[in-house]
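Since the structure comes first, as structure tokens, the remarks are kept for the end.
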Amino acid sequence: MHAAAAPEDRVWDPQEKLPRESLAVLQLDRLRATAGRVLAAQELGAARLAAAGIAAAADIRTLADLAAVPFTTKADLRAAYPFGLLAVPREQLVRVHASSGTHGKPTVVGYTASDLEIWTELMARCMTMAGVQPGMVIHNANTYGLFTGGLGFHQGGERIGATVVPVSGGLTGRQAMLLRDLGAHVLVSTPSYALAIAQAVSDAGYEPADLRLELGLFGGEPWTEGMRAEIERQLGLSAVNFYGLSEMCGPGVAAECSRRDGLHVQEDHFLVEVVDPADGAPVPTGTAGELVFTTLTKEAMPLLRYRTGDVGTLVEAPCDCGRSTVRLTGLTGRHDDMLIVRGVNLYPSQVEHVLLRAGGAAPHYQIVVERPGPLDEVRLECEPADRSADLELLRARLEQQLQVHTGLRITVAVREPGTVPRSEGKAVRVVDRRITSADARAARTGSA
Ligand code: DLL
């Protein structure tokens, strides 16, 4: 057993509770230092600062001055691939990672020794906040490699003084065996891979009670409350949400405390804004919009007002846990994951929500979009929770509830259990065949 101290009372770094006035002073100080580094060594950032009339760090008088600086975008990172946004000589990098990059080249990010140290501390903070304690066994099933989810949690776990098992992703049957044999208290993975592991645990004939799991640290992709409940039920643990992106550091940008009521943003290292994705204008606090981050301590690749494409909402009300940082809620997905089907906006997470609330369906799904004729058609491929279920009834119920909750007619195909593709990392939720079907039509009519 572990020390009796209530995990929710443990804080890794007293700075997490800094009064907001002191936090603002620290942020301004760090923003100026960042601007100084950018002006000296990052051409693109320097041009963006110049566009806002900032020629020297001292020209930044208040945090609000940042609002005049043009955004940095994923396209800027692609154009600078691989090392064009470094603010230090390449030789000072001790590590590179990369974002998953579903379209074309990945986004490469670099770390100086100081960047790695700060990232490790942020992970120790967030993992402590989630309830990880020294001595716990952490089974890390995030992929080790360019993905920040592997090494990020590894570093944080070691820093706390936990025992890290670097299993990485894949060989899912073996994951179940190791979870049991090594007595893991903490599982780290993407939420979708946690379900694949849960399946392997059950296939191996283990019950959750045969495992010692207490906590699951999940992130890297959007997941709904329904998914959280399902993972908690299947694995007998308490599931905690972690958010982050390689461009900032990886995981460690925001995570939930024991209240599980929004993810605390590590604001002494990242300035967060929420803007209207259409025009970039700030939205009122409490309104959903696109998350924009500015790094405050990064040396290798500082980024000013980086547009993440992620949708979220900020909560400023103080949290019972005593941390002073703002919280992030409503992480429903990337703005560009939103499908526009017959003029209606559809996020995969809306479909997940309905699927898991309807009852009777397993938490594995894929959304297929096609354009067989003039109109888009959407099909939800899913599986029954129980082999003996009335599949026709399940299909009809899901179709009816999807229509009510999304306003779209979505056909449902209830497949044989085990046939919907499983992920070993980030799940592919949408298969968009519209482009290829249009290309195919064009090819058939000779107009390609
Ligand atoms: O996914 C970092 C990470 C790893 C975070 C493990 C948490 C846990 P990237 O591969 O660069 O980095 O992908 C970042 O993943 O912009 C979001 O679109 C999405 N994402 C990450 N965490 C969440 C989450 C890592 N908790 C991109 N909820 C981000 C929703 C998330 N989306």
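This is a predicted model, so every value here is computed, not measured. Only this structure's heavy atoms are used, side chains among them; waters, hydrogens and symmetry mates stay out.
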For residues 311-319, tabulate all N or O donor-acceptor pairs below 3.5 Å that involve a side-chain atom, not counting sequence neighbours.
none

Closer than 4.0 angstrom, basic N to acidic O: yes or no for [X] and [Y]?
{"X": "D115", "Y": "K298", "value": "no"}
{"X": "R387", "Y": "E416", "value": "yes"}
{"X": "R48", "Y": "D76", "value": "yes"}
{"X": "R305", "Y": "E273", "value": "yes"}
{"X": "R434", "Y": "D376", "value": "yes"}
{"X": "E383", "Y": "R422", "value": "yes"}

Give the minimum heavy-atom separation between [X] and [Y], together with the two atoms involved.
{"X": "I231", "Y": "P191", "answer": "CD1-O, 3.6 Å"}
{"X": "T406", "Y": "L402", "answer": "OG1-O, 2.6 Å"}
{"X": "R125", "Y": "D13", "answer": "NH2-OD2, 3.0 Å"}
{"X": "L328", "Y": "L291", "answer": "CD1-CD2, 3.5 Å"}
{"X": "E121", "Y": "W12", "answer": "OE1-NE1, 3.0 Å"}
{"X": "C249", "Y": "F270", "answer": "SG-CZ, 3.8 Å"}

[Y] and [X], any side-chain heavy atoms less than 4.5 Å apart:
{"X": "F218", "Y": "V188", "answer": "no"}
{"X": "V132", "Y": "T128", "answer": "no"}
{"X": "P106", "Y": "L146", "answer": "no"}
{"X": "S99", "Y": "F147", "answer": "no"}
{"X": "L187", "Y": "L235", "answer": "yes"}
{"X": "V274", "Y": "T287", "answer": "no"}
{"X": "V430", "Y": "Q366", "answer": "no"}
{"X": "M177", "Y": "D181", "answer": "yes"}

Would R433 and E370 count as a salt bridge (charged side-chain N to carboxylate O under 4.0 Å, His left out) if you check the C-alpha gap in whole Å, the side-chain angles of each, and the deciding distance to 0.1 Å? CA-CA 5 Å; R433 299 210 177 109; E370 287 171 320; 3.1 Å; yes
Look up atom [atom1] in [X] and atom [atom2] in [Y], then write down how far apart they are to the nearest 0.5 Å.
{"X": "L23", "Y": "K17", "atom1": "CG", "atom2": "NZ", "result": "15.0 Å"}
{"X": "L303", "Y": "E247", "atom1": "CG", "atom2": "CD", "result": "7.5 Å"}
{"X": "H264", "Y": "R259", "atom1": "NE2", "atom2": "CZ", "result": "8.5 Å"}
{"X": "L195", "Y": "T190", "atom1": "CG", "atom2": "OG1", "result": "9.0 Å"}
{"X": "E290", "Y": "D336", "atom1": "CD", "atom2": "CG", "result": "8.5 Å"}

Determine whether R323 and E267 satisfy the following criterion, salt bridge (charged side-chain N to carboxylate O under 4.0 Å, His left out), listing intermediate values before the conclusion. CA-CA 11 Å; R323 290 179 181 81; E267 287 183 282; over 6 Å; no
Side chains of [X] and [Y], donor plus acceptor under 3.5 Å:
{"X": "H139", "Y": "Q175", "answer": "yes"}
{"X": "Q234", "Y": "E230", "answer": "yes"}
{"X": "N142", "Y": "Y193", "answer": "no"}
{"X": "S246", "Y": "H97", "answer": "no"}
{"X": "Q15", "Y": "D268", "answer": "yes"}
{"X": "K74", "Y": "T107", "answer": "yes"}
{"X": "R20", "Y": "T325", "answer": "no"}
{"X": "T73", "Y": "Y306", "answer": "no"}

Please report the C-alpha distance between Q266 and V253 in whole Å, then the side-chain angles of each, then the deciding distance to 0.1 Å, and finally whether the side-chain contact (heavy atoms from CB on, under 4.5 Å) criterion is met. CA-CA 6 Å; Q266 304 304 302; V253 176; over 6 Å; no
Has the side chain of [X] got a donor or acceptor atom that lies under 3.5 Å from a matching backbone atom of [Y]?
{"X": "E256", "Y": "V240", "answer": "no"}
{"X": "T411", "Y": "V378", "answer": "yes"}
{"X": "Q42", "Y": "A87", "answer": "no"}

For R395 and E381, run salt bridge (charged side-chain N to carboxylate O under 4.0 Å, His left out): C-alpha distance rounded to whole Å, both residues' side-chain angles, the deciding distance at 0.1 Å, then the answer. CA-CA 10 Å; R395 186 193 61 75; E381 309 233 330; over 6 Å; no
Residues S238, R260; criterion side chain to side chain donor-acceptor pair (under 3.5 Å); working and verdict: CA-CA 10 Å; S238 170; R260 311 280 188 263; 2.9 Å; yes
Walk me through it: do T308 and Y243 pass the test side-chain contact (heavy atoms from CB on, under 4.5 Å)? CA-CA 12 Å; T308 61; Y243 168 84; 4.0 Å; yes
Apply the test side-chain contact (heavy atoms from CB on, under 4.5 Å) to residues V96 and Y111: give CA-CA distance (whole Å), side-chain angles for both, the deciding distance (0.1 Å), then the verdict. CA-CA 6 Å; V96 294; Y111 303 74; 5.9 Å; no
Audit row: R429, V351, side-chain contact (heavy atoms from CB on, under 4.5 Å) steps and yes/no: CA-CA 10 Å; R429 294 303 189 195; V351 173; over 6 Å; no
Name all residues meeting the ring-ring contact (aromatic ring centres under 6.0 Å, His included) criterion together with H154; count only those two or more places apart in sequence or in a different chain, and write none if there are none. Y144
Would you sort out whether E221 and S192 count as a side chain to side chain donor-acceptor pair (under 3.5 Å), showing the intermediate values? CA-CA 8 Å; E221 63 185 2; S192 55; 2.6 Å; yes
Salt bridge (charged side-chain N to carboxylate O under 4.0 Å, His left out), that's the test. Do D261 and R327 meet it? Break it down for me. CA-CA 8 Å; D261 187 18; R327 283 168 292 151; 3.6 Å; yes
Stepwise side chain to side chain donor-acceptor pair (under 3.5 Å) check, T224 with H353: CA-CA 6 Å; T224 58; H353 178 74; 5.6 Å; no
Does atom CZ (R342) have a neighbourhood of more than 12 heavy atoms from anything else shown, all under 6.0 Å? yes
